[in-house]
Protein chains: 2
Amino acid sequence: MGDIAVIGRSLASAENGERPLFHRIREDIIDGRLEAGTRLVVADLARRYDSSSNPVREALHQLQGEGFVVISQNRGARVRPVGEHFARDIYDIRALIEPYMIRWFTANATTAQISEMEKIQNEIEQLDGDHEAYRELNERFHSVSYAGHFNREAVDMEERYREILFMLNKRYQLTRGRWAECIQEHRGIVTAIKARDAEAAAAMTERHVHGACRHLIDHIRVARASEQAAK
Amino acid sequence: MGDIAVIGRSLASAENGERPLFHRIREDIIDGRLEAGTRLVVADLARRYDSSSNPVREALHQLQGEGFVVISQNRGARVRPVGEHFARDIYDIRALIEPYMIRWFTANATTAQISEMEKIQNEIEQLDGDHEAYRELNERFHSVSYAGHFNREAVDMEERYREILFMLNKRYQLTRGRWAECIQEHRGIVTAIKARDAEAAAAMTERHVHGACRHLIDHIRVARASEQAAK
DNA sequence: TTGTCAAGGATTGTACGTAATCTATATGAA
DNA sequence: TTCATATAGATTACGTACAATCCTTGACAA
């Protein structure tokens with residue numbers, strides 16, 4: 001038995017790519033395969049990822065540093081529980097960072113970048129209710145403006161927050177109303193950037209973030225209310 | 001090379017209290033006992049803190065998650081090198097977060113909190129060039145307004161950044177001019193808060209952050225210039 | 001119901017073998 | 001000589017196995 005297991009593992013680890021364990025766990029958290037609040041037992045994870053305990057422990061600690069995991073003394077790790085509070089806190093911060101980044105982008109964007117944005121926005125508008133595709137394109141739309149920003153620290157932070165909110169939003173459907181608002185706001189951002197009007201772009205971006213925040217929190221409240229009613 | 005191990009013992013088991021290893025390394029980084037850029041060799045750290053390799057590795061990974069340490073594949077860890085770029089990036093972010101926090105504080109502060117701030121400010125003004133004491137009181141002055149803020153995420157972030165900048169600023173002396181500016185700005189903040197004028201408080205805070213940024217960057221540039229000249 | 005205690009399970013810390021990287025010395029050609 | 005390259009040795013990080021400690025859970029008795 002041991003022999004087979006060993007051979008199996010060596011093949012697996014040879015093939016399971018150079019991708020660090022850390023990233024794989026992180027992705028599984030973000031994509032919801034490891035839900036918020038679930039216990040992360042080291043031995044289980046080691047089996048699951050065809051690895052051993054030490055790498056898992058290190059990955060968990062790093063994820064704790066980044067805020068995706070909570071570890072308590074002698075009690076193990078859990079995926080960070082995220083609720084209404086936390087969502088609002090993060091959106092508040094994004095409402096400060098994003099306008100800041102857009103302001104710089106508006107002043108420094110190349111025409112190629114701007115037309116890239118416009119192209120993605122057009123694709124979004126031709127979408128017909130496909131939420132999955134929307135999320136994908138929306139990510140790309142926004143990442144155009146962040147990718148090249150000089151403030152790497154802000155970029156990293158923004159990316160972390162986007163990932164966390166991504167995993168939260170995945171649970172809920174975009175309402176028709178919010179969908180329309182998003183398109184309006186995106187258009188506003190694009191036209192402001194084309195006009196090189198940094199303040200307008202910033203203002204519209206702030207509105208966009210606040211709208212997303214309200215939308216998510218409404219969903220969370222509705223979900224909790226119906227949960228309560230079920231009892 | 002083995003510089004870490006040598007300095008080690010003195011601090012190490014002085015009282016290797018129940019404090020988690022993670023915090024002890026972190027403090028040593030912030031207080032400058034482990035300078036930016038120095039290699040962090042696992043075996044040395046294990047000796048230094050009277051521990052063994054696994055706990056050290058986990059602590060390093062967590063610190064990487066928080067941004068204090070940089071780890072590269074098979075090459076070990078270093079204390080994060082911090083330079084002019086990084087400082088400016090962080091100050092830019094603080095210039096967004098701090099006004100946001102002060103705005104809420106201005107609206108929600110108790111009179112006890114406000115008089116606490118005033119008291120600390122008075123102590124600062126009676127100081128006579130004692131930089132060490134100034135740093136201490138300055139920390140306390142600002143932490144009054146953050147400690148109670150509802151946005152825990154922002155508080156944590158702010159704290160991390162403050163610690164990083166603290167370790168950077170420690171290298172340089174406050175110029176007389178900047179000292180005077182700080183007192184002015186602090187006064188402005190206090191009076192704005194007392195008047196419950198959130199916008200004024202926010203504006204003054206932003207100015208305070210930008211001033212601190214300029215001051216630090218000037219120092220860094222001067223230091224680098226004189227380093228260049230030495231060659 | 002409440003409190004105590006024992007068993008099981010998970011985390012935490014230690015030791016060791018292996019693999020990768022870095023350094024210094026030596027060898028070769030320009 | 002001087003520079004570049006190659007190689008051997010030392011150093012360090014990485015992964016596995018194991019022991020010890022702590023927490024949790026469930027049963028049993030008061």
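Side-chain atoms are counted along with the backbone in the values below, which use heavy atoms only and exclude waters and symmetry mates. Residue numbering restarts at 1 for every chain, and letters A, B, ... go by the order of the sequence lines.
Regarding A/L60, its CG atom lies at a distance of 15 Å from the P atom of C/dA10, rounded to whole Å. Atom CG in B/N54 sits roughly 16 Å away from atom P in D/dC18 (whole-Å rounding). Taking atom OH of B/Y49 as the reference point, atom P of C/dG13 lies 15 Å away to the nearest angstrom. The interatomic distance linking A/E58 (CD) with D/dC14 (P) rounds to 7 Å, in whole Å. A straight line from CG of B/L21 to C1' of C/dG13 spans 12 Å, rounded to a whole angstrom. Atom CD1 in A/I71 sits about 11 Å away from atom C1' in C/dT11, given to the nearest Å. Between the CZ atom of B/R47 and the P atom of D/dT11 there is a distance of 12 Å, given to the nearest Å. Counting to the nearest Å, the C1' atom of D/dC14 and the NE2 atom of A/H61 are 16 Å from each other.
Not a single donor-acceptor pair, N or O on each side, falls under 3.5 Å between the base of C/dT11 and the side chain of A/N74. Judged by atom type and distance alone, B/R57 reaches the base of D/dG15 through a side-chain donor-acceptor pair under 3.5 Å.
An OP1 or OP2 oxygen of C/dC22 is reached within less than 4.0 angstrom by a side-chain nitrogen or oxygen of B/R75.
For B/Q73, taking side-chain heavy atoms from C-beta onward, the closest of the listed nucleotides D/dC14, C/dG13, C/dT11 is D/dC14.
One finds no salt bridge joining B/D218 and B/R221 here, because no Lys/Arg side-chain nitrogen approaches an Asp/Glu carboxylate oxygen to under 4.0 Å. A salt bridge between A/R162 and A/E139 is present, with a side-chain N of the basic residue lying under 4.0 Å from a carboxylate O of the acidic one. Ion pair A/K170/A/D31 not flagged as a salt bridge, since none of the NZ, NE, NH1 or NH2 atoms sits closer than 4.0 Å to an Asp/Glu carboxylate oxygen.
In this pair, A/Y146 and A/H142 present their aromatic rings parallel. The plane angle is below 30°, not in the 30 to 60° band.
Toward the 5' end of DNA chain C, the nearer of the two residues B/S51 and A/V41, judged by each one's closest nucleotide, is A/V41.
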